[in-house]
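Notes follow once the structure below has been shown.
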Amino acid sequence: MLRYALKRLVSLLGALAVASVVVFAAIEVIPGDPAAYMLGLNAAPETVAALRAELGLDAGPIARYINWVTGMLQGDFGISYTYRTPVSEMVGDRLWISLPLALYALALSTIIAFPVGIWAASKRGTSVDIGIMGFTQLGVAIPNFWFAMILVVIFAINLRWFSAGGFPGWGGGLFPGLKALTLPAIALALPQASILSRVMRSALVDMLDQDFMRTARAKGLTQGQALRRHALRNAMIPVLTILGLQFSFLLAGAIIIENVFFLPGLGRLIFQAIAQRDLIVVESVVMILVFAVILVTFLVDLAYAAVDPRLRVH
């Protein structure tokens, strides 16, 4: 298991190195000069050149890439061009919103999807199974931003159970913070729960015709009991894959939902930084999200090995 983990760790580090080059190169080709944007169209060329030198933009691409990577390795993500504050502080403030939101949505998705998928698989071919698959297909088809607006209309405007947007901060207590994240988390969780329940159902159905399942049924277990006791562990490989992908999506892809609910998370930070040509913020936040995605993939690989020991030999 240790050798397997070390091999995956080397792959993780290699992927991070390649990703840093790709991210830096992609940001470099974005049109617009941050210094010219900050000073306006009528700024004198000498003033723009002086600001570029102050921001370190006058150096060559290779030198700026090396400085950027070296700083990240030391925990220094640079200084925001627009706000003149450390990027690490900006990211830290917003990560405490985006990360709980992603975990909250993932928890809701898992709590819904697991029993629904198991129930559908235990009722394979019946009207219950067909109905569940129909509802999950609807959940996949509905755009989460549209569902988010419906939630706002029903629960914030009409019933007034939740606020329509904003975040009070964690300083006021855990419950107000979670309450503010509930509607966004539900909006994010619905399509993910639909996808996960379909994958769970398909993986379990594939197990029904296996020899060990027939043996379990021959011992007197019902189909539902056999699925929960014997098939669930064997069906976890595709489910873990989807869980890893979903967490990465929920953390990095909630830009629209954060804008719908006016949440000051990483998604809004990237959106604002792109609009303001604050390239150092864009580079650093994207790299952090890439690291999170690769780290989750690494943890999923370890979970594979824990679930199926045969994978450790590869």
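As the structure is a prediction and not an experimental result, all values here were calculated from the model. For the single chain, residues carry numbers from 1 onward in sequence order.
Residue-environment remark: CZ (Phe114) exceeds the threshold of 12 foreign heavy atoms within 6.0 Å. Residue-environment remark: CH2 (Trp170) exceeds the threshold of 12 foreign heavy atoms within 6.0 Å. Residue-environment remark: CZ (Arg84) exceeds the threshold of 12 foreign heavy atoms within 6.0 Å. More than 12 heavy atoms of other residues, nucleotides or ligands shown are found within 6.0 angstrom of CG on Leu159.
Listed here is the closest heavy atom pair of Leu204 and Gly117: CD1-O, 4.2 Å. Minimum interatomic distance between Leu181 and Leu101 (heavy atoms only, all atoms of both residues): O-CD1, 3.9 Å. Taking all atoms of both residues into account, the shortest heavy-atom contact from Leu250 to Ala102 is CD1-O, 3.7 Å. Closest approach of Ala105 to Ala185, counting heavy atoms only: CB-O, 3.6 Å. Taking each heavy atom of Ala180 and Gly166 in turn, the nearest pair found is CB-O, 3.9 Å. Scanning all heavy atoms of the two residues, the minimum distance from Gly267 to Ser98 falls at N-OG, 4.3 Å.
Summarising the geometry, atom CZ belonging to Phe162 is positioned 6.5 Å from atom NZ belonging to Lys179; distances are rounded to the nearest 0.5 Å. Ile280 contributes atom CD1, which lies 9.0 Å from atom CD1 of Ile79 (distance to the nearest 0.5 angstrom). If you take CG on Leu295 and CD1 on Ile288, they are separated by 13.0 Å, rounding to the nearest 0.5 Å. Atom CZ in Phe24 sits 9.5 Å away from atom CD1 in Ile66 (nearest 0.5 Å). Remark: Glu258 CD to Leu269 CG distance equals 9.5 Å, nearest 0.5 Å. To the nearest 0.5 angstrom, Phe145 atom CZ is 11.0 Å from Ile150 atom CD1.
By the rule that hydrophobic residues join a cluster once side-chain heavy atoms approach within less than 4.5 Å of another member, Trp119 and Val140 end up as members of separate clusters. Both Val69 and Val21 belong to a common hydrophobic cluster when Ile, Leu, Val, Met, Phe, Trp and Tyr are linked at side-chain heavy-atom distances under 4.5 angstrom. Under the 4.5 Å side-chain heavy-atom criterion for Ile, Leu, Val, Met, Phe, Trp and Tyr, Val290 and Leu13 are members of the same hydrophobic cluster. A single hydrophobic cluster is not seen to contain both Phe135 and Leu108; linkage of ILVMFWY side chains at heavy-atom distances under 4.5 Å, directly or through other members, places them apart. Trp146 and Phe262 fall into different hydrophobic clusters, where Ile, Leu, Val, Met, Phe, Trp and Tyr residues are linked whenever their side-chain heavy atoms come under 4.5 Å apart, directly or through other members.
With contacts defined as side-chain heavy-atom distances shorter than 4.5 Å, the pair Leu289/Ile270 qualifies. Counting only heavy atoms from C-beta outward, the side chains of Ile242 and Gln192 never approach each other to under 4.5 Å. Two residues are said to be in side-chain contact when any heavy atoms from C-beta on lie closer than 4.5 Å; Thr182 and Tyr104 meet this criterion. When side chains are defined from C-beta on, Pro264 counts as touching Ile97, because their heavy atoms get closer than 4.5 Å. Between Ser20 and Tyr65, some side-chain heavy-atom pair lies under the 4.5 Å cut-off. Taking 4.5 Å as the limit, some side-chain heavy atom of Gln272 sits within range of a side-chain heavy atom of Tyr83. Residues Met133 and Thr136 form a side-chain contact, since some pair of their non-hydrogen atoms from C-beta on lies under 4.5 Å apart. Contact annotation: the side chain of Ile186 approaches that of Phe147 to within less than 4.5 Å [non-hydrogen atoms, C-beta and beyond].
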Worksheet item: How far apart are the C-alpha atoms of Asn144 and Leu190, what are their side-chain angles, what is the distance that settles it, and do they pass the side-chain contact (heavy atoms from CB on, under 4.5 Å) test?
Response: CA-CA 8 Å; Asn144 56 13; Leu190 174 67; over 6 Å; no

Practice prompt. Begin from the C-alpha positions of Trp68 and Val23 and carry the test side-chain contact (heavy atoms from CB on, under 4.5 Å) through to its verdict.
Written response: CA-CA 12 Å; Trp68 176 57; Val23 168; 4.2 Å; yes

Discussion item. Walk me through whether Ile112 and Leu196 qualify under side-chain contact (heavy atoms from CB on, under 4.5 Å).
Written reply: CA-CA 9 Å; Ile112 295 170; Leu196 187 59; over 6 Å; no

Worksheet item: Yes or no on side-chain contact (heavy atoms from CB on, under 4.5 Å) for Val285 and Phe77, after CA distance, side-chain angles and deciding distance?
Response: CA-CA 9 Å; Val285 174; Phe77 293 92; over 6 Å; no

Would you give me the side-chain donor-acceptor pairs under 3.5 Å for residues 87-94, sequence neighbours excluded?
unit_1: Arg94; atom_1: NH1; unit_2: Met90; atom_2: O; d: 3.3

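Ser197 places a side-chain N or O within donor-acceptor distance of the main-chain N or O of Ser194, the cut-off being under 3.5 Å. For Ser202 (side chain) and Val199 (main-chain N/O), no donor-acceptor pair under 3.5 Å exists by modelled atom type.
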